[in-house]
Protein chains: 2
Amino acid sequence: MHPTHPDLSSHECSTAMRSVRDALDLLGGKWKLPIIVGLTSGPRRFKQLQREVVGITAKMLSKELKELEINGLITRHVQADVAPVAVTYTLAAYGRTLYPVIESLHTWGQQHRRHIMHPETLEATAAEWAAPDALSA
Amino acid sequence: MHPTHPDLSSHECSTAMRSVRDALDLLGGKWKLPIIVGLTSGPRRFKQLQREVVGITAKMLSKELKELEINGLITRHVQADVAPVAVTYTLAAYGRTLYPVIESLHTWGQQHRRHIMHPETLEATAAEWAAPDALSA
DNA sequence: CACACCGGTATACTTCGGTAAACCGCTATC
DNA sequence: GATAGCGGTTTACCGAAGTATACCGGTGTG
C-alpha cells in the first residue's frame, strides 16, 4: 500500500515489543512480582512470605517460588540442622537487577492510586509526570 | 557479597507491594503491555495493531483495547466519513505516563535475552547493572 | 462476478491460573 | 494428649483467559 508513512521506529518498536514480552514471560502472572517485592527487604521464610503476599495460597506460593528459582531470580536454602527444618528464600543477584522494574511499577501504581482517588487533578497529573520520550535508549 | 541494602521497612514494603499490585491490576495479562508498546510509536488501526502484536486474536485485541480505553490509557476514534470506517487507537496522555515502566521492562528484557544467550558472563552482568537502591523514594 | 481488506462480533472449545481443604512428618507448648 | 506452627504436597474443582473459526456489512480491485 502506502509504504510512505515515515515510521521512524518500526524496528525499535518490534525490538521493544520482543524485549517486553521476554520479560513478561518470566514475570507475568498475578504473583511473581509481588513475591519479589516481598523479598526486596531481605530473606524470608515460607509462611512469613505467605503472610506478606496477602491472599496467596500455599500451593501458588510454592509453585511460583520454584519457577523464580529455576529462572535464577531467587535462591532457596535449607537449614536442616535446626528444629523444624528452616527454609529461606532470598533475592539472587540476578533478581536484584529487577529493582528498576519494581521501582517504576511502584511509582506508577502509587500515582495511579492518587489519580483514581482525585480524578479532578487528572490533566495536571498527566502533564506533571512528563513522559520522557526515551525508550530508544 | 554483602547486599547491605537500604532495607525497606516493613511499612515501605507493604506500600510497595500494594502499588505494584495496583499497577498489575491494570496492566496484567499477556497482551496489555505489548499493545501499549505497539502504540508508543504512533496511532494504529485495528488490523495494523493485530499484525504488530504477533499472535493475538481479533477477539483478544478487541477485548483488551476496550479495557485499556475504559482505564483511560488509550483513545479510540472513529472516522465515519471515509470508505470502510477507519478506527484508530492512540496512546492517551495517561497512557504515556507508562513510559518509564515500559522502558525498564524493555531494558531488562533485552539484558535478559543476552544473559540467556551468554550465561558465562552472568556474574559480570549482574554486577554491572548495579541495582539502584531507590524504591524507597 | 469473485475476492480481499476493514473492524470487528458470535460461538464453541480448551487450557491454565488459581482456590479450598485436607494431609504429611516433625517439634514445641499447654 | 491435644493443639499449633513449620514447609510444604495432594486432590479436586472452578472460572477466567485464551484459541479457532466462521461470519457480518461495507468497499474497492481485477
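In what follows, every heavy atom counts, from backbone to side chain, and hydrogens, waters and symmetry copies are set aside. First the proteins, then the strands, lettered A, B, ... as listed; each starts at 1.
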Reckon [X] has a side-chain N or O less than 4.0 Å from the OP1 or OP2 of [N]?
| X | N | answer |
| --- | --- | --- |
| A/Lys66 | D/dT9 | yes |
| B/Ser62 | C/dG7 | no |
| A/Lys30 | D/dA17 | no |
| B/Arg76 | C/dG8 | yes |
| B/Arg51 | C/dG7 | no |

Please give, in whole Å, the distance from [N] [atom2] to [X] [atom1]?
| X | N | atom1 | atom2 | value |
| --- | --- | --- | --- | --- |
| A/Ile56 | C/dG17 | CD1 | P | 13 Å |
| A/Lys47 | C/dC26 | NZ | C1' | 14 Å |
| A/Leu24 | D/dA17 | CG | P | 15 Å |
| A/Tyr89 | D/dG8 | OH | C1' | 8 Å |
| A/Phe46 | D/dG8 | CZ | P | 6 Å |

Determine, stepwise, if the pair B/Leu98 / A/Trp108 fulfils side-chain contact (heavy atoms from CB on, under 4.5 Å). CA-CA 7 Å; B/Leu98 282 170; A/Trp108 194 87; 3.3 Å; yes
Does any donor atom in the side chain of B/His112 or A/Tyr94 lie under 3.5 Å from an acceptor atom in the other side chain? yes
Would you classify B/Gly28 as touching base, sugar-phosphate or nothing, given that sugar-phosphate means primed atoms plus P, OP1 and OP2, and contacts are heavy atoms under 4.0 Å? nothing
Between the base of C/dT9 and the side chain of B/Lys59, is there any donor-acceptor pair under 3.5 Å? no
Is A/Arg76 salt-bridged to A/Glu69, cutoff N-O under 4.0 Å? no
With the side chain defined as heavy atoms from C-beta on, A/Arg45 is closest, among D/dG7, D/dG8, C/dG18, to D/dG7
Taking A/Leu65 as the starting point, is it possible to reach A/Ile70 by hopping between hydrophobic residues whose side chains are less than 4.5 Å apart? no
Could you say whether B/Glu64 or B/Ala58 is positioned toward the 5' end of DNA chain D, judged by the nucleotide with the nearest heavy atom to each? B/Glu64
